[in-house]
Enquirer: 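First, the structure itself, so that you have it in front of you.
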Amino acid sequence: MEPGQSQVDLNTVVDVEISALSVSDSPRIAGESAEHIELLAVADGPLPPILVHRDTMRVIDGMHRLRAALRRGQETISVGFFDGDEADAFVLAVESNSAHGLPLTKADRKRAAERIITSHATWSNRMIAAIVGLAPATVAKVRRKMPGGATPERGRVGQDGRFRPLDGAEGRKLAGDLIAENPGLSLRQIARATGISPETARDVRNRIRRGEEPLLTGPRSGPRGQRGGQRGPGRPAGRRRGTTGAVTPVRMPAADRSRTVRRLKGDPALRYSNTGRTLLRLLGIHTVSPQEWERITADIPADCRRTVAELARACSDNWSELAQRAAERQAGESVGA
């Protein structure tokens, strides 16, 4: 398993000695419920497998089942494993406890939100809210109260996996830089690299062609390059003097992609339809880590590289088309709502 890639393996369940498991770092401030443990202990049949972080052997999901197994006098318990870093393991623990079993208290969920904001600062308030079971406004309030929580960031990753600048002006500036350096890029490529919509990218490109600044607001003093002599002809807004090189596209980390796909797999509307299952299979292909992509690329035979590159570009265009159509449908539904 490559660093940054996370995976839950509940298909391979093994019996593990309870004494080998760690019970630290629970999202429950007050610990487990004695009443719930007793209910599980006297229930008929075996207990469902618990989820354990493979690297640390820490219990992620199933502390009540573990305590119940001890009450039954068991020395072993059935375990499925999670592969990933400790920060992701905590996120999964919170997500699991919010989805089933004994719910977390509001205090538990607020503390969990604080930890996730710290470990995954680029995640949107809405995305964290969906994990911890709070309202997005509550998560925003928690973020503001944290040290540095109100400091503006470049942007955040939403539940759909897309990166969006917190400041729309920043996205326009990035687009202006990118268009000036790579005039042949398509609107979708510009939008994907800067976190703005294709229509916003079109507006930025048209403004640049007319010699205007990319931004919608702020004072204008005629064509670009004529404001106090600070910019030369064709120089895009937002470019610092002395900087070179293209703007690096912001990509969603592999671990975040994996988690987002797992969340989608839990949506009945996708799981129980043929087209939904097809989409989930296709999305699952793209959850491999950057290191794995690097190995795949390095192993392509020399005589196949050109063909593979052409196919990869075609696939990229197909995904861009899917993203555009999905965004347009979402926009249309929002208008009609």
Side-chain angles (χ1 to χ4, degrees), residues 4 6 8 25-30 51 53 60-61 63 82 84-168 170-171 195-197 250-271 276 280 283 287 323 326-327 329-331 333-334 337:
S6 306
V8 177
D25 204 24
S26 169
R28 299 183 186 276
I29 299 174
L51 185 60
H53 185 217
I60 294 175
D61 181 36
M63 279 300 304
F82 167 77
D85 61 31
E86 292 192 52
D88 287 342
F90 180 79
V91 171
L92 183 57
V94 175
E95 194 171 25
S96 300
N97 280 281
S98 298
H100 62 80
L102 192 65
L104 297 174
T105 67
K106 189 170 184 178
D108 293 335
R109 286 177 273 152
K110 283 188 174 181
R111 189 183 72 163
E114 291 178 356
R115 284 191 55 173
I116 297 173
I117 289 169
T118 301
S119 63
H120 299 77
T122 61
W123 284 6
S124 70
N125 294 331
R126 189 173 297 277
M127 185 173 184
I128 296 174
I131 292 170
V132 301
L134 292 171
T138 303
V139 175
K141 185 177 180 179
V142 171
R143 191 190 292 268
R144 287 194 298 270
K145 289 184 177 180
M146 295 176 63
T151 302
E153 302 161 359
R154 186 180 176 191
R156 300 212 180 116
V157 177
Q159 286 180 276
D160 59 359
R162 290 183 60 195
F163 176 89
R164 294 176 175 83
L166 291 183
D167 181 2
E170 177 66 16
I196 63 178
S197 70
V250 180
R251 292 184 172 86
M252 190 178 187
D256 293 349
R257 291 200 304 271
S258 298
R259 184 176 299 103
T260 302
V261 171
R262 285 203 308 273
R263 187 175 297 111
L264 288 175
K265 287 181 178 178
D267 189 328
L270 293 174
R271 290 176 60 188
L280 291 174
L283 289 171
T287 59
R329 285 180 177 271
Q330 177 64 34
E333 291 172 359
S334 299

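All residue numbers in this chain count up from 1 along the given sequence. A quick note: this is a predicted structure, and the numbers were derived from the prediction, not measured.
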Enquirer: Can you name the closest pair of heavy atoms from Asn125 and Ala140 and give their distance?
Expert: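 Between these two residues, the closest heavy atoms are ND2-CB, 3.4 Å.
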
Enquirer: State, to 0.1 Å, how close Trp123 and Arg143 come at their nearest heavy-atom pair, and which atoms those are.
Expert: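 So the two residues come closest at O-NH2, 2.8 Å.
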
Enquirer: Which distance, rounded to the nearest 0.5 Å, do you find between the CG of Asp108 and the OG1 of Thr105?
Expert: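 With rounding to 0.5 Å, CG (Asp108) is 3.0 Å from OG1 (Thr105).
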
Enquirer: Measure from the side-chain N and O atoms of Asp61 to the backbone N and O of Leu51, and report whether any donor-acceptor pair falls under 3.5 Å.
Expert: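 No.
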
Enquirer: Strictly distance-based, threshold 3.5 Å: is any side-chain N or O of Thr138 a donor or acceptor partner for the main-chain N or O of Leu134?
Expert: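 No.
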
Enquirer: Side-chain contact, heavy-atom cut-off 4.5 Å: Ile117 with Val142?
Expert: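 Contact flag for Ile117/Val142 side chains = yes.
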
Enquirer: Would you give the length of the straight line joining atom OG1 of Thr260 to atom CE of Met127, rounded to the nearest 0.5 angstrom?
Expert: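 Rounded to the nearest 0.5 Å, the OG1-CE separation comes out at 4.0 Å.
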
Enquirer: Measure across Arg28 and Pro103 and return the closest heavy-atom pair with its distance rounded to 0.1 Å.
Expert: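 Shortest heavy-atom contact: NH1-O, 3.4 Å.
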
Enquirer: Quick one: pull up CZ in Arg111 and CD in Glu114 and give me the separation to the nearest 0.5 Å.
Expert: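 Between Arg111 CZ and Glu114 CD, I get 9.0 Å after rounding to 0.5 Å.
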
Enquirer: Which heavy atom of Val94 sits nearest to which heavy atom of Pro27, and what is that distance?
Expert: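 Heavy atoms only, the tightest pair is CG2-CB, 4.0 Å.
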
Enquirer: Quick check: closest heavy atoms across Ser119 and Ala87, and the distance to 0.1 Å?
Expert: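 Closest pair (atom of Ser119, atom of Ala87, distance): CB-CB, 3.9 Å.
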
Enquirer: State, with a plain yes or no, whether a side-chain heavy atom of Asp88 is found less than 4.5 Å away from one of His120.
Expert: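 A side-chain contact exists here, since the closest heavy-atom pair is under 4.5 Å.
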
Enquirer: Is a side-chain donor or acceptor of His53 paired with a backbone partner of Ile60 at a separation under 3.5 angstrom?
Expert: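 Not a single qualifying donor-acceptor pair exists.
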
